[in-house]
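Lettering of chains follows the sequences in order, A, B, ..., and the numbering in each one begins at 1.
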Amino acid sequence: MPELPEVETIARLIRPRLEGRRIEDCEVRWTRTLGGLSRPAFARAVVGARLSRIWRRGKYVVVDLEHGGRASGALVGHLRMTGRIHVEPTTWDPGPYLKVRLALDDGTSFYFIDVRKFARLCFTDEPHVLLGDLGPEPLSDEFTPAWLAGALRSRTRRLKPLLLDQTFLAGIGNIYADESLFRAGLHPLARSDRISPARSAALCTEIRATLGEAIAREGSSFDTFYRTPEGNPGSYQDEFKVYGRAGKPCPRCAAPIARIVVGQRGTHLCRRCQRR
DNA sequence: ATCCTATCCTGGCTGC
DNA sequence: TGCAGCCAGGATAGGA
């Protein structure tokens, strides 16, 4: 699923192809993808706009827009589980799952594709409001051992649902939560307020390391869904220590990896290396 | 405050 | 082989 490393990869790869381009036309095949805006209202907002900057916040891809050199809102995309973004010649066939296409002024189009219908591409006047509830960026200077220790202490939640809560920390999903908790030697069901400062510092370090390594590998593609905008799979799935490895040996102690359900999410852990 | 469940979707898997 | 039924997953809303 596209989590922070996948979305970062997508943003990096589409940035050079999109920055400075102008939207000449748009095609909307599934209105709900727009997140509430009607097709005409969406078209009015985006057609004629210049794409000034492409960036990422949590699991969101953000495209800042300008009209006549003046900031005029942004496109904020969320791929949920199966969304994809491509930038290809306008003659390219996106297949049956195209939801929105933005025709650009250089003969290419921005394709927003989703096998399911959960992904969203929203226009907003104020992206910072839409993104305002997100927690800190795990790869920013804000995310320090001291911050994490305090944040964990101020809650009484179990670690895994807390890491998945985007208002707590932005960008972590099921895969990187399981991998980070394993690497830090923490049990997904451990209560956040009972984590020692040393463990919490380890969690901070391992979250940063896991996400950084995954970005270096262009994310994880363990199923047929995630592909980079170039159509290539990432390769971080080859580095998974616990995710999707139920029954296989723990890379640290060789005990079989367990799969449990936490907050309705499949959760992978080593019962020997990750104590409650 | 936190947890639990349902909802949204559909390809792919399991089991008969 | 065909088909029904279940499952995964992120975010969100409503209820306990």
Side-chain angles (χ1 to χ4, degrees), chain A residues 1-8 10 29-36 56-62 76-85 94-100 112-122 124 127 129-135 137-138 150-181 187-195 211 214 219-227 233-234 236-237 240 242-247 257-269 276:
Chain A
M1 312 304 120
E3 305 179 25
L4 188 154
E6 290 76 27
V7 180
E8 178 64 27
I10 290 166
R29 292 209 189 157
W30 186 255
T31 309
R32 234 183 295 169
T33 300
L34 305 180
R56 176 195 60 75
R57 177 78 171 95
K59 301 177 194 172
Y60 293 87
V61 182
V62 189
V76 179
H78 195 303
L79 300 170
R80 292 296 217 277
M81 287 86 67
T82 52
R84 279 204 215 178
I85 290 173
Y97 304 117
L98 177 72
K99 298 291 176 278
V100 180
F112 195 80
I113 299 166
D114 190 14
V115 171
R116 298 177 194 161
K117 293 170 176 173
F118 296 159
R120 293 289 176 261
L121 183 66
C122 305
T124 171
V129 173
L130 199 153
L131 302 170
D133 286 338
L134 292 176
E137 279 292 321
L152 292 177
R153 220 179 304 119
S154 70
R155 315 287 216 102
T156 59
R157 293 180 68 182
R158 296 177 299 175
L159 283 182
K160 172 141 179 194
L162 190 55
L163 290 182
L164 293 179
D165 182 343
Q166 302 299 299
T167 68
F168 179 77
L169 191 60
I172 298 191
N174 211 33
I175 294 172
Y176 299 106
D178 283 4
E179 291 295 310
S180 301
L181 287 169
H187 196 288
L189 293 173
R191 273 181 45 158
S192 62
D193 60 336
R194 300 200 188 148
I195 306 304
L211 296 175
S220 311
S221 303
F222 65 97
D223 58 24
T224 56
F225 294 123
Y226 169 68
R227 292 294 181 274
Y236 191 69
Q237 67 280 2
F240 285 172
V242 289
Y243 188 84
R245 298 192 64 248
I257 299 298
R259 184 186 186 278
I260 62 176
V261 175
V262 179
Q264 329 300 99
R265 295 277 170 267
T267 297
H268 311 78
L269 73 153
R276 267 272 216 162

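A:Gly263 comes within 4.0 angstrom of nothing in the nucleic acid, heavy atoms only.
An OP1 or OP2 oxygen of B:dT2 is reached within less than 4.0 angstrom by a side-chain nitrogen or oxygen of A:Thr156. Note on A:Arg158: every side-chain N or O is 4.0 Å or more away from OP1 and OP2 of B:dT2. Taking 4.0 angstrom as the limit, A:Arg259 places none of its side-chain polar atoms (N or O) nearer than this to OP1 or OP2 of C:dC7. Under 4.0 angstrom from either OP1 or OP2 of B:dT10 there lies no side-chain N or O belonging to A:Tyr97. Residue A:Arg157 places none of its side-chain N or O atoms closer than 4.0 Å to OP1 or OP2 of B:dA1.
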So what is the 5' to 3' dot-bracket string for DNA chain B, if pairs are Watson-Crick or G-U wobble with both distances under 3.5 Å, crossing pairs use [ ] and | means the partner sits on another strand?
.|||||||||||||||
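When rounded to the nearest whole Å, the span between NZ of A:Lys117 and C1' of B:dG11 equals 13 Å. Taking atom CZ on A:Arg153 and atom P on B:dA1, their separation rounds to 19 Å, with Å as the unit. Taking atom CD of residue A:Gln264 and atom C1' of nucleotide B:dC3, one finds them 9 Å apart after rounding to whole Å. Computed from coordinates, the A:Phe168 CZ to B:dT2 P distance equals 10 Å when rounded to whole Å. Between the CG atom of A:Leu79 and the P atom of B:dT10 there is a distance of 17 Å, rounded to whole Å.
Closest approach to the A:Val115 side chain among C:dA8, B:dT10, B:dC3 is made by B:dT10 (side chain taken as heavy atoms from C-beta onward).
Residues satisfying the ring pair (Phe, Tyr, Trp, His ring centres under 6.0 Å) criterion with A:Phe112, sequence neighbours excluded, are absent altogether. Listed by chain and number, the residues in a salt bridge (Lys or Arg N to Asp or Glu O under 4.0 Å) with A:Arg57 are A:Glu137 (sequence neighbours excluded). Applying the side-chain hydrogen bond (donor to acceptor under 3.5 Å, both in side chains) criterion to A:Lys160, with sequence neighbours excluded, gives A:Asn174, A:Asp178, A:Thr267. Residues meeting the side-chain hydrogen bond (donor to acceptor under 3.5 Å, both in side chains) test with A:Glu3, sequence neighbours left out: none. Residues satisfying the side-chain contact (heavy atoms from CB on, under 4.5 Å) test with A:Arg194, not counting sequence neighbours, are A:Arg191. In this structure, the side-chain hydrogen bond (donor to acceptor under 3.5 Å, both in side chains) partners of A:Tyr236, at least two apart in sequence or on a different chain, are A:Arg183. Take A:Thr167 and apply the side-chain contact (heavy atoms from CB on, under 4.5 Å) test, not counting sequence neighbours, and it matches A:Asp133, A:Asp165.
Contact record, A:Ser192 with A:Leu162: CB-CD2, 3.6 Å, taken as the closest heavy-atom pair.
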In B/S/- notation, 5' to 3', how is nucleotides 10-16 of chain C contacted by protein heavy atoms closer than 4.0 Å?
BB-----
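At least one side-chain heavy atom of A:Leu189 sits less than 4.5 Å from a side-chain heavy atom of A:Arg276.
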